[in-house]
Amino acid sequence: MKKLQFKASINAPVSKVYDFMLGTNSKSTYEQWTSSFNPTSTYEGSWDKGNKILFIGVDEKGEKGGMVSRIVENIPNQFVSIQHYGLLKADQEITEGPEVEKWANGFENYTFEENNGATTVIVDLDTTEDFLGYMNDTYPKALDKLKELCEK
């Protein structure tokens, strides 16, 4: 598992950045910034600590797929820790086996720091070798979309 880090500086208060990133008041803000990963990107579940959450999209065959995850920590406007522990394929949750072992216990953490009304978002994530290029290419684009949304 490889560790990556991405940062974005956003000219908006931390409460707005946190809300838009997680889609707490309107899921559409989450769907807009994550559309860089998949145009149909969304989630099912809750961001509350301890809850299961599915990060999903629809593939070219029309099948729902994505990650099965758990919210390990959620301190509003400060820190969110997501543990990915399974895959969703065609509406089936897969939580064991070779495909999952590569990802098992991978984390995606969001840290929010506000300074003089601007917010820095730091994303730390674990990824597999196969997804390094994709994440390095796509995550900065997604954070640019989040910045654009929050600064409107």
Side-chain angles (χ1 to χ4, degrees), residues 1-60 62-89 93 102-152:
M1 197 79 79
K2 301 286 181 188
K3 296 196 176 303
L4 295 176
Q5 185 177 80
F6 304 100
K7 288 185 183 184
S9 190
I10 301 173
N11 291 316
V14 70
S15 57
K16 182 176 186 180
V17 176
Y18 171 88
D19 169 39
F20 278 36
M21 190 166 190
L22 274 54
T24 52
N25 283 317
S26 170
K27 197 187 277 189
S28 73
T29 58
Y30 171 88
E31 292 168 344
Q32 288 173 64
W33 82 267
T34 59
S35 66
S36 296
F37 298 103
N38 179 322
T40 63
S41 180
T42 190
Y43 65 86
E44 290 176 6
S46 150
W47 290 96
D48 295 333
K49 181 178 177 174
N51 280 13
K52 177 168 114 175
I53 190 166
L54 303 175
F55 297 101
I56 51 179
V58 176
D59 66 16
E60 49 293 329
E63 290 181 345
K64 207 188 311 184
M67 303 296 287
V68 180
S69 309
R70 154 184 326 111
I71 303 301
V72 177
E73 187 59 81
N74 185 343
I75 304 166
N77 305 325
Q78 292 178 39
F79 181 72
V80 177
S81 180
I82 306 159
Q83 180 182 30
H84 302 299
Y85 66 90
L87 298 171
L88 188 74
K89 283 198 164 178
E93 286 185 26
K102 297 191 285 190
W103 283 96
N105 300 318
F107 281 84
E108 187 169 342
N109 295 330
Y110 306 150
T111 304
F112 302 85
E113 296 170 353
E114 187 172 6
N115 190 4
N116 294 326
T119 303
T120 300
V121 176
I122 303 159
V123 177
D124 290 291
L125 68 97
D126 299 321
T127 190
T128 60
E129 194 76 48
D130 332 353
F131 276 87
L132 265 179
Y134 174 76
M135 288 298 183
N136 276 320
D137 184 49
T138 311
Y139 229 110
K141 290 176 186 165
L143 289 176
D144 283 347
K145 274 191 180 180
L146 178 66
K147 176 180 171 75
E148 198 180 297
L149 274 174
C150 292
E151 291 180 353
K152 275 185 184 173

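Fair warning: this is a prediction, and the values are worked out from it, not measured in the lab. Computed from heavy atoms alone, side chains included, the values below leave out hydrogens, waters and symmetry copies.
- Closest approach of C150 to A12, counting heavy atoms only: O-CB, 3.7 Å.
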TODO: Begin from the C-alpha positions of E93 and L54 and carry the test side-chain contact (heavy atoms from CB on, under 4.5 Å) through to its verdict.
DONE: CA-CA 10 Å; E93 286 185 26; L54 303 175; 4.0 Å; yes
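- Between K52 atom NZ and I71 atom CD1 the span is 12.5 Å, to the nearest 0.5 Å.
- Closest non-hydrogen pair, V58 versus N38, comes out as O-ND2, 3.6 Å.
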TODO: Go through the steps to decide whether M67 and L87 satisfy the test side-chain contact (heavy atoms from CB on, under 4.5 Å), and finish with yes or no.
DONE: CA-CA 5 Å; M67 303 296 287; L87 298 171; 3.7 Å; yes
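- K147 has its side chain out of reach of V121: every pair of non-hydrogen atoms, C-beta onward, lies at least 4.5 Å apart.
- Distance check, rounded to the nearest 0.5 Å: CZ of F20 to OG of S15 gives 10.0 Å.
- Atom-to-atom distance recorded for E108:CD and M135:CE is 6.5 Å, nearest 0.5 angstrom.
- Between the side chain of E148 and the main chain of D144, no donor-acceptor pair closer than 3.5 Å is present.
- With rounding to the nearest 0.5 Å, the separation of CG in N105 from NE2 in H84 is 11.0 Å.
- At a threshold of 4.5 Å between non-hydrogen side-chain atoms, the residues N74 and L22 count as touching.
- N109 contributes atom CG, which lies 10.0 Å from atom CD of E73 (distance to the nearest 0.5 angstrom).
- F37 and Y139 have perpendicular rings, their planes meeting at more than 60° on a 0 to 90° scale where under 30° would count as parallel.
- For D126, the salt bridge (charged side-chain N to carboxylate O under 4.0 Å, His left out) test picks out K3, with sequence neighbours left out.
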- [ ] Could you check E31 against K27 for salt bridge (Lys or Arg N to Asp or Glu O under 4.0 Å), going step by step and ending with a plain yes or no?
- [x] CA-CA 6 Å; E31 292 168 344; K27 197 187 277 189; 5.2 Å; no
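- Counting only distance, with no hydrogens or angles, the side chain of T138 and the backbone of S36 share no donor-acceptor pair below 3.5 Å.
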Open item on the list: Determine whether K2 and E129 satisfy the following criterion, salt bridge (Lys or Arg N to Asp or Glu O under 4.0 Å), listing intermediate values before the conclusion.
Closed with: CA-CA 7 Å; K2 301 286 181 188; E129 194 76 48; 3.6 Å; yes
TODO: Start with the C-alpha gap between W47 and F55, add the side-chain angles, then the distance that decides, and say whether ring-ring contact (aromatic ring centres under 6.0 Å, His included) holds.
DONE: CA-CA 11 Å; W47 290 96; F55 297 101; 5.6 Å; yes
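- A pairwise comparison of heavy atoms in N51 and S46 identifies ND2-OG, 3.0 Å as the closest pair.
- In this structure the side chain of T127 never reaches within 4.5 angstrom of the side chain of Y134, judged on heavy atoms.
- Distance alone, capped at 3.5 Å, is enough to place a donor-acceptor pair between the N136 side chain and the L132 backbone.
- Minimum heavy-atom separation, I122 to K7: CG1-CG, 3.9 Å.
- Heavy atoms only, all atoms of each residue included: Y18 and I75 are closest at CE1-O, 4.4 Å.
- Two residues are said to be in side-chain contact when any heavy atoms from C-beta on lie closer than 4.5 Å; Y30 and S41 meet this criterion.
- Counting heavy atoms from C-beta outward, V68 and Y85 have side chains that approach closer than 4.5 Å.
- A donor-acceptor pair is defined here as one N or O able to donate and one able to accept, closer than 3.5 Å; such a pair exists between the side chain of Y43 and the backbone of G23.
- Applying the salt bridge (charged side-chain N to carboxylate O under 4.0 Å, His left out) rule to K145 yields no partners; only residues at least two apart in sequence or on another chain are considered.
- The shortest heavy-atom contact between A8 and L143 is CB-CB, 4.0 Å.
- For the atom pair CD1 (I10) and CG (L146), the distance works out to 4.0 Å, reported to the nearest 0.5 Å.
- Contact annotation: the side chain of F112 never approaches that of Q78 to less than 4.5 Å [non-hydrogen atoms, C-beta and beyond].
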